[in-house]
Novice: 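Just dropping this structure here.
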There are 2 protein chains.
Amino acid sequence: MRFIARNQTVLLYGASLAVLLLIMKWLEWHVLVIEHSFEVYAGAIALLFTALGIWLANKLTRAKSTTIIVEKQVLVKTKDFVLNEAEVVRLGLTKREMEVLQAMADGLSNQEIAERLFLSLNTIKTHSSKVFEKLEVQRRTHAVDKARKLNIIP
Amino acid sequence: MRFIARNQTVLLYGASLAVLLLIMKWLEWHVLVIEHSFEVYAGAIALLFTALGIWLANKLTRAKSTTIIVEKQVLVKTKDFVLNEAEVVRLGLTKREMEVLQAMADGLSNQEIAERLFLSLNTIKTHSSKVFEKLEVQRRTHAVDKARKLNIIP
DNA sequence: GTTAAAATCATACTAAAGTATGAGGCTGAA
DNA sequence: TTCAGCCTCATACTTTAGTATGATTTTAAC
């Protein structure tokens, strides 16, 4: 059975040929008794088997596929903000200092930051001073601007 | 000439058939005088034209091209700052006030802004106070944050 | 369990920022 | 030209920010 399956096409081909020849023989004896019948048959066979060949080619040959890869450019907005952790580490900014820095960037006063973080005003002052030292600035506005440029706050 | 060019394949096909028939006729008369010669010829023609068909199919069928569109992500620096002039007008911010606001956003102190714009410290204070009024804030940091959110500074 | 860094808070101070008010000069539109 | 809006600057003041220093407590690492 596996033989038949594997050679299906070949068998089919042979069978087609045999059947065709039988049909032609039958026609030769019983119907067509004309001049140049051989040429007519030959032409018919040629046409038929050309068609068969074409069909076979399409059936058997692997689709000639040319894979055209077209790169479609998709504009992706740069993630507005990806924290530059390396920079944070390099500057030695602590967690609390980052929180204070972020709050400053939000435009809060030291008093407001103290309230937000449940700390005293003096503590905020200490933290912010540390932040300024590490960022090498003197003012919160400058600190915020620099921090933004260093991608350590949004 | 154009006719020939256009029908090259058809002409070639017809010519092949004609030549083949001539060869066979010649063979029939001069060499092969065997039993069942018709069947042999028929088989030969079948084989030949099947081959021709396959060849034709391969020659004629256009390569099936698969176009694969690959989306290539291109990171675009979202230079997405377009000054919201409408907002500037709505808030009634003047040219000078905008300059001062911009300088504040750059982290400059009032003194530095005065130097940059060749103005006195007091003038800067006046301008900044006006800006705070119009933006309804009390501090420069808050003003900068709000201005950024309103797209009136980068 | 010692130790260093981080976090908290305080006091005392200086510097800068912000407010309030007024005034003079300039400019463009009615 | 007059008048409103803008720009400039000043004085006087209050508030907030920032610095310096020191102390105690947490936290995490060794």
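Order of the sequence lines sets the chain letters (A, B, ...), proteins ahead of strands, with each chain counted from 1.
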Novice: How long is the straight-line distance from CD1 of A:I153 back to CG of A:N84, given to the nearest 0.5 Å?
Specialist: 12.5 Å
Novice: For nucleotides 7-21 of chain D, read 5' to 3', which letter fits each nucleotide if B means a protein heavy atom sits under 4.0 Å from the base, S means only the sugar-phosphate is that close, and - means neither?
Specialist: SBBBB-----BBB--
Novice: What closest approach, in Å, do A:R140 and A:S109 show between heavy atoms, and which atom pair accounts for it?
Specialist: NH2-C, 3.9 Å
Novice: Which atom pair, heavy atoms only, marks the closest approach of B:K146 to B:L135?
Specialist: NZ-O, 3.1 Å
Novice: How long is the line joining CE of A:M98 and P of C:dA6, in whole Å?
Specialist: 14 Å
Novice: Round to a whole Å and report the spacing from CG of A:L91 to P of C:dA5.
Specialist: 18 Å
Novice: Taking all heavy atoms of A:S128 and all of A:N110, pick out the closest pair and write down the distance.
Specialist: OG-OD1, 4.5 Å
Novice: If you apply the rule salt bridge (Lys or Arg N to Asp or Glu O under 4.0 Å), what do you find for A:R90 with A:E87, and how did you get there?
Specialist: CA-CA 5 Å; A:R90 192 182 71 78; A:E87 197 61 32; 2.5 Å; yes
Novice: Each nucleotide in nucleotides 23-28 of chain C should get exactly one letter: B, S or -. Can you fill that in based on protein heavy atoms under 4.0 Å?
Specialist: ------
Novice: Is it possible for you to say whether A:M98 and A:L117 belong to one hydrophobic cluster, with membership spreading through side-chain heavy-atom contacts below 4.5 Å?
Specialist: yes
Novice: Measuring from atom CD of A:E112 to atom CZ of B:R139, what distance do you get when rounded to the nearest 0.5 angstrom?
Specialist: 4.0 Å
Novice: Could you state the interatomic distance from CD1 (A:I113) to CG (A:L119), rounded to the nearest 0.5 Å?
Specialist: 10.0 Å
